[in-house]
Amino acid sequence: MDIHQVVRPDGSYDTERLPDVDDEAFRDLYRWMLLQRVFDTRATKLQRRGLLGTYPSGRGQEAAIIGSGFALSSEDWVFPYGRETGTLLMHGLSMRDLLLYWRGIEDASRMEEANIFGLAISIGSHIPVVTGKAWGMQLAEEDRVAFANLGDGATSTGAFHEGINFAGVLDVPAVFFCQNNQYAISRSFDGQTNAETVTQKALAYGLDGIRVDGNDVLAVYNAVSRARERALEGNPVLVEAVTYRRGAHTTSDDPTRYRSDEEVDEWAEQDPLERYQAFLEETGRWEGIDEETIREEVEAEFSEAVDAADAFEERGIEEIFAHLYEETPPELERQLDEFEALLEERPEMYDHIERRPKG
Ligand SMILES: Cc1ncc(C[n+]2csc(CCOP(=O)(O)OP(=O)(O)O)c2C)c(N)n1
Ligand SMILES: [Mg+2]
């Protein structure tokens with residue numbers, strides 16, 4: 001099956017396929033990819049020091065994450081699943097709020113302000129919701145799309161099939177962006193589906209399908225821009241970005257138990273940042289980029305975000321019972337009372353519950 005590519009692994013490129021963007025945008029794409037990489041590295045270290053919960057790195061997937069996020073309008077609704085740090089930050093979420101999220105403190109209102117839905121930790125569960133949201137936006141005649149991020153593993157869930165089927169039936173403005181990073185935790189792509197590609201799953205449901213080199217940021221940008229246009233015309237699209245998860249599944253995983261160093265090394269040669277840098281050099285755009293300064297700026301921004309997250313004032317236990325109902329129902333009131341009484345009786349119970357770490 002055809003795969004869309006603009007920049008080849010050696011940095012040479014197809015002139016006719018270059019996106020029509022200005023030099024600043026070409027440079028911004030690099031900056032965002034580097035930001036994603038630095039953030040992933042820092043967040044992983046923070047987790048190792050016990051200062052962050054489980055974290056899923058996007059290492060190796062920077063082109064897919066940034067190329068797709070860059071093609072969106074700030075009005076679009078983003079439905080994330082976890083690895084797309086750069087997409088969320090460029091869509092308006094602050095680093096502080098994202099770090100708080102990975103500390104287990106989810107402020108849904110902050111996400112909502114940025115047109116970001118809660119992360120689909122239950123994989124694939126967001127796909128029918130994306131279709132529903134897109135349908136609602138279509139009925140309201142809004143000129144924006146619902147954009148779903150998902151992994152290859154998510155395409156083997158029932159919810160995925162129900163969701164994209166209905167998207168096709170209703171002709172909704174939705175883009176389903178699948179990062180095929182070759183693994184669903186320890187299960188390789190071949191081991192979880194007999195389908196040759198993710199893209200071919202679009203065919204069965206009458207959706208447009210685009211298969212793109214997920215390590216080529218310009219190709220991903222083109223693909224998602226095109227998918228957006230098609231979606232706005234009432235043709236939902238499934239995009240498959242073929243890439244590779246270079247790191248562990250999350251900070252709780254040891255990938256050496258299920259894949260070879262050779263395979264990892266092979267994909268390391270397809271590094272999306274190096275490929276894009278070669279393209280920028282080739283086209284005389286690299287001079288406008290000061291890599292060291294970008295790194296320093298992102299490092300500083302990350303450190304400030306950690307400080308801001310540390311300063312977040314912990315909320316009371318009653319917070320667990322809030323936000324679901326306008327008025328707390330009697331049964332929840334009773335549970336809250338019971339819980340508070342228990343804590344009064346045995347305050348040490350709460351001591352061992354991990355508080356927001358300081359440091
Ligand atoms: C419904 C559901 N089943 C199982 C899990 C456990 N789980 C977490 S991530 C994951 C694999 C996801 O793989 P994929 O969709 O390819 O995304 P990736 O992590 O590779 O980016 C699984 C099985 C889950 N979170 N939700
Ligand atoms: Mg995967």
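All ligand and atom numbering here is 1-based and tracks the order in the structure. Being a predicted model, the structure only gives us computed values, none of them experimental. In this chain, residues are counted from 1 in sequence order.
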Residue and atom name of the nearest protein heavy atom (relative to atom 19 (O) of ligand 1), distance in Å to one decimal:
R83 NH2, 2.8 Å
Under 4.0 Å, heavy atoms only, figure out whether ligand 1 is touched by the backbone of R245, its side chain, both or neither.
neither
Does the ring center of W286 lie less than 6.0 Å from the ring center of F279?
no
Give the ring-plane orientation class for Y183 versus Y258, where under 30° counts as parallel, over 60° as perpendicular and anything between as tilted.
tilted
How far does CG of D40 sit from CD of Q36, to the nearest 0.5 angstrom?
4.5 Å
Enter the distance from T243:OG1 to N181:CG here, rounded to the nearest 0.5 Å.
7.0 Å
For ligand 1 and Q61, I'd like to know whether there is a polar contact (N/O to N/O, distance under 3.5 Å).
no
When distances are taken from atom 1 (C) of ligand 1, the protein heavy atom at minimum range is S122 OG, 3.6 Å
Apex the Mg ion (ligand 2); atoms Y183 O and D152 OD1; angle rounded to 10 degrees
110°
Could you tell me whether any N, O or S atom belonging to N181 is less than 2.8 Å from the Mg ion (ligand 2)?
yes
Within a distance under 4.0 Å of any heavy atom of Y81, pick out the atoms of ligand 1 and give their elements.
17 (O), 18 (P), 21 (O)
Below 3.5 Å, N or O to N or O, backbone or side chain included: is there any such pair between I121 and ligand 1?
yes
Students often mix this up, so state it plainly: with edges at 30° and 60°, are the rings of Y55 and F39 parallel, tilted or perpendicular?
tilted
When you look for heavy atoms under 4.0 Å from ligand 1, do you find them on the side chain of H249, its backbone, both, or neither?
side chain
Is ligand 1 under 4.0 Å from a heavy atom in the side chain of Y183, in the backbone, in both, or in neither?
backbone
Identify the closest protein heavy atom to atom 16 (O) of ligand 1: which residue and atom is it, and at what distance?
G153 N, 2.7 Å
Identified side-chain contact (heavy atoms from CB on, under 4.5 Å) partner of H4 from the options D213, N222, V242:
N222
Contact partition for I123 relative to ligand 1, non-hydrogen atoms under 4.0 Å:
both
Per-atom contacts of ligand 1 with G151, taking only distances under 4.0 Å to non-hydrogen atoms:
14 (P), 15 (O), 16 (O), 17 (O)
Of all protein heavy atoms, the one nearest atom 11 (C) of ligand 1 is I185 CG1, 3.6 Å
Does the distance from a Lys or Arg side-chain N to an Asp or Glu carboxylate O, for R110 and D97, drop under 4.0 Å?
yes
